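Here's the structure, in structure tokens; my notes come after.
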Amino acid sequence: MKSAQKSFSIKTIAWILGASMIISSLMGVFITYLAADEEFNEVLEDDLQQNADLLNAMLVATDATPEELTVFLKEHIRNDDEDTIWVTVYDLEQGWQVSNLDHTRPLVERGSDFIKADFEDYGWHGYQHDEDGLVVQMFRRDDLTDDIIGDIAEDITAPTLIGSALSVFILIWLVRLIVRPLSALSKELDRRSSDDLSPLSCGTRNQEIQMLTNKLNRLMSEVDEVLKRERQFANDVAHELRTPLTTIKLELSCPDPDIESIKSETERVNRIVEQLLTLARLEQQHWKKRFETVVLDARMLGILDKYQGRFADQNIELMTDIAPCSVQGDATLLQVLIENLLSNILRHSNDCKTVQVTLSQQQLVIQDNGQGAPENLLNTIDTSTRRLDSKGEGLGLGLTICQRIAAIHQASLHFENAQPGLKVCLTFSHSITTSG
């Protein structure tokens with residue numbers, strides 16, 4: 001069984017990052033201090049050794065007397081500041097010693113090496129040079145050396161800590177800059193009801209938050225559109241199936257039901273369900289991915305050839321004028337649209353005698369010479385599911401499918417009275433080319 005993943009807030013992550021920055025800075029300072037301390041001590045030791053060697057060589061070369069050496073040490077060796085030097089020279093052959101500090105300390109041991117000593121309540125470290133009976137000792141005070149190293153550490157630590165504190169402050173400010181609009185967005189979502197899909201407000205200039213808000217608004221808009229389409233689909237189902245189902249119910253309740261009527265209404269229900277399924281598939285909006293060049297004039301000739309006999313059975317003359325034309329789209333959907341328009345004419349134009357079908361490079365026009373449609377119906381027929389009369393299956397669902405297919409192809413479907421008859425115009429806005 002998998003364990004649940006732990007969640008962290010942005011503030012927690014920011015505090016972790018800030019603490020990591022400070023700890024990293026302190027560790028860097030500590031490591032730098034250790035390295036600087038080691039290097040500094042090596043430099044001081046080398047300096048003491050070189051000065052002791054140099055002083056020994058100078059004394060041997062000049063053969064200075066104790067008095068001359070005393071004057072020299074008093075004048076040239078510092079003993080009253082942070083770089084105090086303690087120098088003692090022992091002449092073992094002549095038995096005298098000279099120092100820049102007043103003392104009569106005896107020589108403890110012979111040899112050239114680094115040494116330590118205690119004098120005047122201070123610890124000292126230095127170097128002893130022993131050569132040809134002349135011993136030169138040169139010391140520095142431990143506390144003064146430590147003070148110098150401490151100053152160096154302070155000079156290293158202060159800028160680093162100030163920089164770390166500034167970085168943490170900037171990090172906290174940036175986190176607040178991000179968290180505040182996110183919290184406001186979260187509170188606005190909490191205040192909303194489940195059916196409120198209106199756009200969210202974005203009261204920040206943060207580009208990431210603006211992008212997130214825009215994506216949420218687009219998502220809610222798409223969800224709202226899907227819900228509207230589902231509600232419209234449910235209304236279509238209820239509207240289209242109510243009449244045939246009522247007829248079937250009434251016939252079945254009679255002692256002597258009309259079997260032919262029940263059969264006719266059942267076939268009508270079947271056709272309505274097929275149209276509803278077509279409408280549902282149109283709502284998926286995946287058809288544009290399947291677009292290709294459709295030779296519309298060839299497709300029209302095939303459809304008209306199939307409908308020629310059906311129009312003849314109703315004593316309607318079908319006249320055609322088909323010009324070469326092709327369009328970017330889906331051949332199946334375009335065929336459904338055209339067949340729906342022709343089928344509607346067959347169902348609703350009982351007084352029609354002729355139907356003219358004209359295809360040009362940019363427009364398909366279907367016009368009959370019947371009675372046409374009332375003007376108040378024409379004003380709403382493009383956007384609502386309406387019937388041309390009170391009988392039959394109804395034109396509304398078929399027209400809804402036609403309008404959706406036209407919209408998918410970025411075309412317009414328009415109805416108008418032609419006096420006489422009804423004129424239907426399908427106009428393509430672009431991607432029209434003349435076929436060879």
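Note that the structure is a prediction, hence the values are computed from the model and not measured.
Checked against salt bridge (Lys or Arg N to Asp or Glu O under 4.0 Å), R192 has the following partners two or more places apart in sequence or in another chain: E188, D196. Qualifying side-chain contact (heavy atoms from CB on, under 4.5 Å) partners for S167, counting only residues two or more places apart in sequence or in other chains: M21. Applying the salt bridge (Lys or Arg N to Asp or Glu O under 4.0 Å) rule to D224 yields the partners K228; only residues at least two apart in sequence or on another chain are considered. Every side-chain contact (heavy atoms from CB on, under 4.5 Å) that S20 has, sequence neighbours left out, goes to I16. With sequence neighbours left out, the salt bridge (Lys or Arg N to Asp or Glu O under 4.0 Å) criterion links D102 to K74. Every residue meeting the side-chain hydrogen bond (donor to acceptor under 3.5 Å, both in side chains) condition with T354, not counting sequence neighbours, appears here in chain and number order: N369. For K306, the salt bridge (Lys or Arg N to Asp or Glu O under 4.0 Å) partners two or more places apart in sequence, or in a different chain, are E339. Annotation: side-chain contact (heavy atoms from CB on, under 4.5 Å) contacts of K249 (sequence neighbours excluded): none. Take I170 and apply the side-chain contact (heavy atoms from CB on, under 4.5 Å) test, not counting sequence neighbours, and it matches L166, L174. Under the side-chain hydrogen bond (donor to acceptor under 3.5 Å, both in side chains) criterion, E251 pairs with no residue at all, not counting sequence neighbours.
Between the side chains of T88 and Q137, not a single donor N or O lies within less than 3.5 Å of an accepting N or O.
Here the side chains of S112 and Q128 are not in contact, with every heavy-atom distance at 4.5 Å or above.
Within the structure, no pair that satisfies the salt bridge (Lys or Arg N to Asp or Glu O under 4.0 Å) test touches residues 307-325, not counting sequence neighbours.
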Using residues 115-125 as the side-chain source, report each donor-acceptor pair under 3.5 Å to any protein atom, sequence neighbours left out, with the distance given to one decimal.
| unit_1 | atom_1 | unit_2 | atom_2 | d |
| --- | --- | --- | --- | --- |
| W124 | NE1 | F119 | O | 3.0 |
| H125 | ND1 | R140 | O | 3.3 |
| H125 | ND1 | D142 | OD1 | 2.5 |

